[in-house]
Asks: 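Please see the structure below; I have some questions.
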Amino acid sequence: MKQSDLEKKTIRLGVWLGCFFVALGLLFAFLTGSEAILLDALFSLIGVVLALVTMTVSRLVQRPADSKYPFGYWYYESFLNLAKSAIILVLSCVALTSACIALFNGGRSVEAGWALIYALIASVGCLLASFIFSRAAKKAQSTLLEVDAANWRIDAVLSGAIALAFTLVKCLEQSQWQSLIPYVDPALVVILVVLTLAIPVRILRSSWHSVIGRTPNSPRSRAVELCVNSIFESLPLKSKSLRMLNAGRAFYVQLYLLVEQDIGIVEQDGIRKELYEALLALGGDQSINISSDNLVLSVVFTQKTQWLERSVMPESHKP
């Protein structure tokens, strides 16, 4: 199966799974009166809406570069991931605020039995979905699926924590601590938001860096830098400038070389081929994730310092 076909198939699966969990969550939120379950259902609803948008973006980023988009459509992927993480972050903050208000106003009563049944079904289902999306993301080398896998992990954590919390409620019903039961649901929401907040924040930061063109600080960029240094340490260079950029799933590597002596076109192409193959060899490490489908390589040779400076930014325009 082609990587693009795998991505589309997985996204469609995510839409159907999301619809199921939205319906399940809303039903059990009505039966139990639990805001934690309602929060879980809202996460699923946002996931469905964004999955539909993701299907469109997934088709878009497969298009080749054209006159309107000479560098391709990769940036749409980064913008979508940025939007996803921002929406989840806003929803988490709203849920946190609502839960804190409830805690200061005597809590909320919930039907623990139904809530526990829901949580067990949802936690197992979301965990399975997270596993499916993670495997598909690695095979398709898709940041869209990576973000979706992270969202399913958030849902799994939410549902698992709900199961633990309402197991606690069932235990409290048989104890002298029954007065604490109304506080379990809002306290659970607070704990869940605090535990999962780091995931959308991390995705938001990474996507923002991609959108604004910041050099990625990752195992991949460090490995590329070491690879470039090892290949060109024996070449008579006056200087070199290495630039890297993530744009969705695309990974741009631009290398500008200031050489001491004239290098023929054939030799230049041989150096480019050696570097290209060395970078692809790094892709054997899953944390680096470089392949012929996502690597965009540009190597420029010059004997004039001014062209090396001009390729980055002229000295007269540097701050």
Side-chain angles (χ1 to χ4, degrees), residues 1-7 58 61-66 69-78 81 134-146 206 209-210 213-305 307-312:
M1 182 183 297
K2 293 182 180 179
Q3 291 179 344
S4 58
D5 292 338
L6 175 61
E7 183 179 71
S58 176
V61 298
Q62 301 298 329
R63 293 183 183 178
D66 53 35
Y69 293 87
F71 296 100
Y73 293 79
W74 306 104
Y75 277 101
Y76 278 97
E77 194 168 11
S78 298
N81 290 338
S134 293
R135 288 194 61 185
K138 290 177 181 178
K139 290 182 178 180
Q141 296 178 348
S142 168
T143 59
L144 290 175
L145 295 184
E146 285 177 6
S206 175
H209 288 170
S210 177
R214 178 172 173 174
T215 298
N217 181 19
S218 64
R220 177 164 61 179
S221 58
R222 291 189 290 271
V224 168
E225 187 172 0
L226 290 173
C227 179
V228 168
N229 289 337
S230 65
I231 287 178
F232 292 100
E233 62 183 359
S234 60
L235 194 70
L237 297 177
K238 292 181 181 179
S239 181
K240 67 177 181 294
S241 173
L242 173 64
R243 295 194 293 176
M244 291 170 280
L245 177 67
N246 283 334
R249 71 196 65 187
F251 183 57
Y252 289 89
V253 177
Q254 297 180 333
L255 183 62
Y256 300 87
L257 304 173
L258 181 62
V259 297
E260 295 180 349
Q261 60 190 39
D262 187 33
I263 299 178
I265 297 296
V266 174
E267 187 176 354
Q268 289 183 27
D269 284 341
I271 294 171
R272 289 187 182 94
K273 181 180 179 182
E274 181 184 0
L275 177 59
Y276 182 75
E277 292 176 348
L279 293 177
L280 291 184
L282 296 175
D285 185 339
Q286 290 186 348
S287 65
I288 295 176
N289 186 23
I290 293 179
S291 73
S292 58
D293 292 321
N294 69 355
L295 176 60
V296 183
L297 176 65
S298 175
V299 182
V300 179
F301 294 83
T302 183
Q303 288 184 291
K304 299 289 186 178
T305 304
W307 300 125
L308 181 67
E309 294 173 350
R310 178 66 63 174
S311 67
V312 182

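The basis for the numbers below is simple: all heavy atoms, side chains too, and nothing from hydrogens, waters or symmetry mates.
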Asks: Can you find a pair of side-chain heavy atoms, one from Val300 and one from Gln254, that are under 4.5 Å apart?
Replies: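 Sidechains of Gln254 and Val300: no contact.
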Asks: Hey, what do you get for CG (Leu279) to CD1 (Ile231), rounding to the nearest 0.5 Å?
Replies: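 Output value for this atom pair is 6.5 Å.
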Asks: Given side chains that start at C-beta, do those of Val299 and Tyr276 come closer than 4.5 Å, heavy atoms only?
Replies: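 SC-SC contact between Val299 and Tyr276 ruled out.
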Asks: With rounding to the nearest 0.5 angstrom, report the CG to OG distance, Leu275 to Ser230.
Replies: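 Going from CG on Leu275 over to OG on Ser230, the span is 9.0 Å.
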Asks: Compare every heavy atom of Leu242 with every heavy atom of Glu225, then report the nearest pair and how far apart it is.
Replies: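 Taking every non-hydrogen atom into account, CA-CD2, 3.9 Å.
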Asks: Identify the heavy atoms of Leu282 and Ala223 that sit nearest to each other, and give their distance.
Replies: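 Smallest interatomic distance, heavy atoms only, reads CD1-O, 3.8 Å.
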Asks: Look up atom CZ in Phe301 and atom CG in Leu258, then write down how far apart they are to the nearest 0.5 Å.
Replies: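 Result: 11.5 Å between the selected atoms.
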Asks: Would you say the side chains of Tyr256 and Arg243 form a donor-acceptor pair under 3.5 Å?
Replies: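 Tyr256 vs Arg243: donor-acceptor pair found between side chains.
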Asks: Between atom NZ of Lys238 and atom OG1 of Thr302, what is the distance when rounded to the nearest 0.5 Å?
Replies: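 OG1 of Thr302 is found 9.5 Å from NZ of Lys238.
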Asks: Can you tell me how far apart CZ (Arg272) and CD1 (Ile265) are? Round to the nearest 0.5 Å.
Replies: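 Answer rounded to 0.5 Å: 7.0 Å.
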Asks: Over all heavy atoms of both residues, which pair between Lys240 and Val228 is shortest? Give the atoms and the distance, please.
Replies: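 Scanning both residues, the minimum pair turns out to be CE-CG1, 4.0 Å.
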Asks: Side chains of Glu277 and Leu280, heavy atoms from C-beta outward: is any pair under 4.5 Å?
Replies: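 Answer no - side chains too far apart.
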Asks: I need the Ile271 CD1 to Ile263 CD1 distance, nearest 0.5 Å.
Replies: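 Here the interatomic distance stands at 4.5 Å.
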